[in-house]
Amino acid sequence: MKRIAIYPGSFDPITQGHLDLIQRAIALFDQVIVTVATNTRKITWLSLEQRMKLVQEALEGNPQVTVLPCPGVMVDFARQHGALAIVRGLRTAADYENEFQLAGMNRKMAPEIATIFLPARQEYSFISATLVREILMLGGDISQFVPNVVMNRLREWHKLNE
Ligand code: ADP
């Protein structure tokens, strides 16, 4: 039986921090489904199609990774896809508070699905998609925070919007 994990998020846009987490999840599971939130509380900067495209391009050629939109509740999605676990990242104490609450709710709804927390690697722990967006909008250099393919696409789309 394949050991499947889901890694849910907004990915608005995907960053080096997210990618590092995905690489580490691949080492633990046979298949990682990166699930891109569709009806998040957050109003996203990029459209679902754009966020999916960036995740797909950043992970191209990786047979252990599938990218799918998550139209409903995370644990329902995990169940439907036979996932054993939900992978989440922890950067700060604030992340811990939010994530612990989310994991508790998810455990109530689906006790058979584990939440696995992976601590952010030190060099990526300060990277957030929100700051990447702000730097880009101010015309700054985001090359250290996102893969090249993502940086090029974002520059292209940002120029189109100017
Ligand atoms: P959400 O809107 O669900 O918080 P995000 O795309 O912002 O989605 O993040 C998805 C997951 O990745 C969250 O668990 C978050 O804590 C984690 N994460 C985000 N950035 C990093 C990073 N730089 N290093 C490690 N984990 C991260």
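All ligand and atom numbering here is 1-based and tracks the order in the structure.
- Between Tyr7 and Phe11, the ring-plane angle classifies as perpendicular under the 30° and 60° cut-offs.
- By the 6.0 Å contact criterion, CZ on Phe126 is enclosed, its count of non-hydrogen atoms from other residues, nucleotides or ligands being greater than 12.
- Ion pairing between Asp20 and Arg121 holds under the 4.0 Å rule for side-chain N and carboxylate O.
- Residue-level proximity to ligand 1 for Arg121 is absent, since no heavy atom of it falls below 4.0 angstrom.
- Interface atoms of ligand 1 facing Phe11, defined by a heavy-atom separation under 4.0 Å, are 6 (O).
- If you look at Ala37 next to ligand 1, there are no close heavy atoms at all, none under 4.0 Å.
- Under a cut-off of 6.0 angstrom, the local environment of CE in Met109 is crowded, with over 12 non-hydrogen atoms contributed by other residues, nucleotides or ligands.
- Atoms CG and CD1, from Leu154 and Ile14 in turn, are 11.0 Å apart once rounded to the nearest 0.5 Å.
- Annotation: Leu90 places no N or O atom under 3.5 Å from an N or O atom of ligand 1; distance criterion only.
- In summary, the atoms of ligand 1 found under 4.0 Å from a heavy atom of Gly9, numbered by their order in the structure, are 3 (O), 6 (O), 8 (O), 10 (C).
- For ligand 1, the polar-atom distance check against Thr15 finds no nitrogen or oxygen pair separated by under 3.5 Å.
- Residue contact check: Tyr7 has heavy atoms under 4.0 Å from atoms 10 (C), 11 (C), 12 (O), 17 (C) of ligand 1.
- Short contacts between ligand 1 and Asp95, defined as distances under 4.0 Å to a heavy atom of the residue, involve ligand atoms 16 (O).
- Considering both main-chain and side-chain atoms, Gly89 comes within under 3.5 Å of ligand 1 through a nitrogen or oxygen pair.
- Met74 is not connected to Val32 by any chain of hydrophobic side-chain contacts under 4.5 Å among Ile, Leu, Val, Met, Phe, Trp and Tyr, and they are in different clusters.
- Those atoms of ligand 1 that come under 4.0 Å of a heavy atom in Pro8, given as number and element, are 10 (C).
- For the atom pair CD1 (Ile22) and CG (Leu118), the distance works out to 11.0 Å, reported to the nearest 0.5 Å.
- For ligand 1, the atoms sitting less than 4.0 Å from at least one non-hydrogen atom of Leu21 are 25 (C), 26 (N), numbered in the order shown with element in parentheses.
- Within a 6.0 Å radius of CZ in Arg24, other residues, nucleotides and ligands contribute more than 12 heavy atoms.
- Taking distance alone, with nitrogen or oxygen atoms compared against 3.5 Å, Ser125 stays at or beyond that limit from ligand 1.
- No part of Phe126 comes within 4.0 Å of ligand 1, judged by heavy-atom distances.
- Near Ala120, meaning under 4.0 Å from any of its heavy atoms, are these atoms of ligand 1: 24 (N), 25 (C).
- Other cluster members for Leu138: none, since no ILVMFWY side-chain heavy atom sits under 4.5 Å from it.
- Sequence neighbours left out, the pairs with a member in residues 75-90 that pass side-chain hydrogen bond (donor to acceptor under 3.5 Å, both in side chains) are Arg79-Glu112, Arg88-Glu99.
- Taking any N or O of Ile127, backbone or side chain, at least one lies under 3.5 Å from an N or O belonging to ligand 1.
- Using a 4.0 Å cut-off between heavy atoms, Gln16 makes no contact with ligand 1 at all.
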